[in-house]
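Read through the structure below, which is laid out as structure tokens, and then see the notes.
Keep in mind the model is a prediction, meaning the values are calculated, not measured. What's counted below: heavy atoms across the whole structure, side chains too, no hydrogens, waters or symmetry copies. Every chain is numbered from 1, with letters handed out A, B, ... down the list of sequences.
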Amino acid sequence: MIDLKLILQNPEEVEKKLSLRRETYDLSGIQELAKKRSQLQVQGDQLRSERNRLSKEVGNLMRQGKKDEAGTIKSEAAKIPARLEELEKEQTQVEAGLREQLLRIPNLPDASVPVGTSEADNRVERVIGNPRSFDFKVKDHVELGELLGIIDFEAAARIAGARFSLLKGDGSRLERALINFMLDLHTGEHGYTEILPPFMGSAETFTASGHLPKFEQDLFKVEPFGFYLAPTAEVPLTNMYRGQILAEEDLPKKLCAYTPCFRSEAGSYGKDVRGLIRLHLFDKVELYKFTRPEQSFAELESLVKDAGKVLDLLGLPFRVVSLCTADLGFASAKTYDLEVWLPGQNAYREISSCSNCTDFQARRASIRFKKAGSKGTELVHTLNGSGLAVGRTMVAILENFQEEDGTVKLPEVLWKYMGKKEIKVKG
RNA sequence: GGAGGAGUGGCCGAGUGGUCUAAGGCGGCGGUCUUGAAAACCGUUGGGCGGAAGCCCCGUAGGUUCGAAUCCUAUCUCCUCCGCCA
């Protein structure tokens, strides 16, 4: 949620910022409901105040044994509850409506985000590494996976249908190797604490992260239990401290987590139907931070660095792209995508998305910290980023390090995890 | 699935209808004392809305009442025992 106060104090500016995204938003309903709510609040407060005063008096008189006087006041006070109930009912309704609308307003883009109308306006920040030139016709990862006997899409389809994968032998070992390599790097070198959270959560959890109520169609729901499967570890990690007050000295809190990710991919029919690129179920290692507000944008830069380090060490060429206002996710104020070079597609493809959600999720989840020296609490900022999407990393390794016969030379950092230096075509 | 118990402020914990809407302790902060520190002692210390007065928050949601942490109902979570089970 964005701050209601911001909307009430400066609606024009909020509307202007929101209009930089693709959709348009009308804030007049929110303004009206907020006004109504504070009126009801004041009226209710006055009634409650009166009731409290009279009740106290009844108590005093009873103690003094003045039963008759107490009775008189009692009957006067008895008129209040009915009126109060009416007001409270109306206020509850108004508040529910207000919240419903607020929950569907996205975060405001940061001033540093390039303004644009489509992903074509995303800004390339830097390019790292050079795509290798091949003197033979490159195969894509689907061909390589079959040739090497490490990916079996037909078997996956038998089990679960389209958009699933089945890895075997060195394929499944490579997946496991990548997960371990990434976790070891982020915990060992970058100072993140490893978390293994639940992969599903309640509606409340998904509302806090911003995935509900607006994006239910993108999620798998577990009926009849009411759980949703996490499309990213960002969801459980955001909720680890829901409703908590953190100590300032514990910030920034840096977490990383391997989880499977479940996505319905509603509306993506016909897109990336081939291969490991877009699946209903994939593995990801996620990076996550809770920070003080002043440090969140600096922490975003270092988060991008941490994710990029994985690609560096694997020897994969990539570029960093700053998403424009139209391409920004719902909860994000600023997002950098890392795009890895895929020879099989002759293109850079997203392999990590790193976002600063500022106080947007923290407000929904009520995650605050106590400021040293001053009274009260303040909302933290939350950041998340892939470090990295494991399946797409496997795609990049297969395609970038293939030999003419299909053999794949593994990056040196993976040798110890794989127990070998290459995946050979079976003779 | 069966039986029982428990959810109170950062933490522990008292409080079973009305002396302030939470005693006391720990922790935190400030101070006295001290060369400094510890100890001791004194003071202070939850969250939300509001300019303020004031209002709300004792797991959550309802209910009873002039008045609910306290009584009733539902629900969630945790614990113990039994059963089942990876």
Side-chain angles (χ1 to χ4, degrees), chain A residues 1-10 30-100 102-103 196-208 222 224-228 236 239-251 253 260 290 292 359 362-380:
Chain A
M1 269 190 298
I2 59 175
D3 192 351
L4 176 60
K5 275 184 203 156
L6 219 54
I7 293 176
L8 298 180
Q9 284 164 6
N10 208 339
I30 290 175
Q31 289 171 276
E32 254 171 61
L33 286 174
K35 193 174 167 193
K36 185 81 190 155
R37 182 186 64 167
S38 73
Q39 285 169 355
L40 289 166
Q41 181 72 48
V42 169
Q43 290 174 37
D45 279 0
Q46 283 167 354
L47 270 182
R48 273 182 290 267
S49 178
E50 179 71 1
R51 181 200 62 190
N52 292 348
R53 190 178 66 74
L54 292 174
S55 291
K56 226 171 271 181
E57 217 169 306
V58 172
N60 283 330
L61 292 169
M62 294 289 272
R63 232 168 291 113
Q64 292 165 30
K66 299 177 180 169
K67 266 199 169 167
D68 292 351
E69 290 177 50
T72 310
I73 294 176
K74 231 169 154 174
S75 59
E76 191 184 335
K79 296 170 191 159
I80 295 179
R83 278 194 286 158
L84 194 55
E85 191 184 340
E86 213 174 298
L87 281 176
E88 283 174 345
K89 261 192 187 133
E90 194 179 349
Q91 190 176 348
T92 303
Q93 254 175 16
V94 168
E95 272 170 1
L98 184 61
R99 180 176 158 80
E100 174 65 24
L102 273 174
L103 284 175
L196 187 64
F199 306 153
M200 54 176 97
S202 62
E204 199 181 357
T205 283
F206 280 74
T207 303
V222 183
F225 305 102
F227 294 120
Y228 293 85
N239 283 274
M240 234 177 114
Y241 298 107
R242 192 177 74 221
Q244 306 289 299
I245 299 171
L246 306 176
E248 185 173 24
E249 59 264 30
D250 290 341
L251 301 178
K253 227 178 235 299
F290 298 91
R292 289 184 290 119
D359 61 13
R363 184 170 293 106
R364 286 170 165 247
S366 187
I367 306 166
R368 292 159 294 165
F369 72 100
K370 205 176 215 47
K371 272 206 120 158
S374 72
K375 279 204 164 195
T377 59
E378 205 174 320
L379 293 168
V380 300

Donor-acceptor under 3.5 Å (S38(A) side chain, K35(A) main chain): yes
Nucleic acid footprint by protein, nucleotides 53-65 of chain B - heavy-atom cut-off 4.0 Å, B for base, S for sugar-phosphate alone: -BSS---------
Counter-base of rG17(B), judged by Watson-Crick or G-U geometry with both distances under 3.5 Å: none
Pairwise C1' distance for rU70(B) and rG2(B), with rounding to whole Å: 30 Å
Integer angstrom distance from the C1' of rG28(B) to that of rC11(B): 11 Å
Flag if over 12 foreign heavy atoms under 6.0 Å of CD, Q39(A): yes
Sugar-phosphate, base or nothing in reach of K56(A), heavy atoms under 4.0 Å: base
Proximal nucleotide (of rG50(B), rG18(B), rG67(B)) relative to the P81(A) side chain: rG67(B)
For atom CZ of F369(A) and atom C1' of rG10(B), their distance in whole Å: 16 Å
Approximate separation, where rounding is to 0.5 Å, of I245(A) CD1 and T377(A) OG1: 5.5 Å
Pairing partner (Watson-Crick or G-U wobble, both distances under 3.5 angstrom) of rA3(B): rU80(B)
Euclidean distance for C1', rC26(B) against rA74(B) (whole angstrom): 36 Å
Test item: D359(A) side-chain N/O and L379(A) main-chain N/O as donor-acceptor pair under 3.5 Å: no
Separation of the P atoms in rC58(B) and rC71(B), to the nearest angstrom: 14 Å
Spacing of CD1 belonging to I30(A) relative to CZ belonging to R37(A), to within rounding of 0.5 Å: 11.5 Å
Spacing of the C1' atoms in rG46(B) and rC29(B) (rounded, Å): 14 Å
Pairwise distance CG(D3(A)) to CG(N10(A)) - rounded to 0.5 angstrom: 12.0 Å
Rounded distance in Å between the C1' positions of rG51(B) and rG15(B): 36 Å
Pairwise distance CG(L102(A)) to CD(E95(A)) - rounded to 0.5 angstrom: 11.5 Å
F227(A) atom CZ, over 12 foreign heavy atoms within 6.0 Å: no
Pairing partner of rC29(B) (Watson-Crick or G-U wobble, both distances under 3.5 Å): rG43(B)
For atom CD of E249(A) and atom P of rG10(B), their distance in whole Å: 15 Å
Listed nucleotide nearest any side-chain atom of I245(A), set rC66(B), rG47(B), rC49(B): rG47(B)
Most 5' of G59(A) and V42(A) on RNA chain B, judged by nearest nucleotide: G59(A)
Nearest-Å distance once atom P is located in both rG31(B) and rC79(B): 44 Å
G-U wobble or Watson-Crick pairing nucleotide for rA23(B) (cut-off 3.5 Å, both distances): none
Nucleotide forming a Watson-Crick or wobble pair with rU73(B), both distances under 3.5 Å: rA61(B)
Nearest-angstrom distance, P atom, rA61(B) to rC57(B): 10 Å
Atom-to-atom span, CG of L8(A) to C1' of rC49(B) - whole angstrom: 13 Å
Aromatic ring pairing Y241(A)/F290(A), orientation class (parallel under 30°, perpendicular over 60°, tilted between): perpendicular
Might you list the N or O atoms of the protein lying below 3.5 Å from N or O atoms in nucleotides 70-76 of chain B, with each pair's distance?
none

Pair up each side-chain donor or acceptor in residues 42-52 of chain A with any protein partner under 3.5 Å, not counting sequence neighbours, and list the distances.
from, atom 1, to, atom 2, distance (Å)
D45(A), OD1, Q41(A), NE2, 3.0
D45(A), OD1, R48(A), NH2, 3.1
R48(A), NH1, E88(A), OE2, 2.7
E50(A), OE2, R53(A), NH2, 3.2
N52(A), ND2, R48(A), O, 3.4

Atom-pair distance (CG on L54(A); P on rG18(B)), nearest Å: 18 Å
Phosphate contact (rG48(B) OP1 or OP2) by T377(A) side-chain N/O below 4.0 Å: yes
Close side-chain approach of I367(A) and Q244(A), heavy atoms under 4.5 Å: no
Pairing partner (Watson-Crick or G-U wobble, both distances under 3.5 angstrom) of rA68(B): none
Pairing nucleotide - rA53(B), Watson-Crick or G-U, each distance under 3.5 Å: none
Distance, rounded to the nearest Å, where N60(A) contributes CG and rC66(B) contributes P: 18 Å
rU35(B) - base-pair partner by Watson-Crick or wobble geometry, distances under 3.5 Å: none
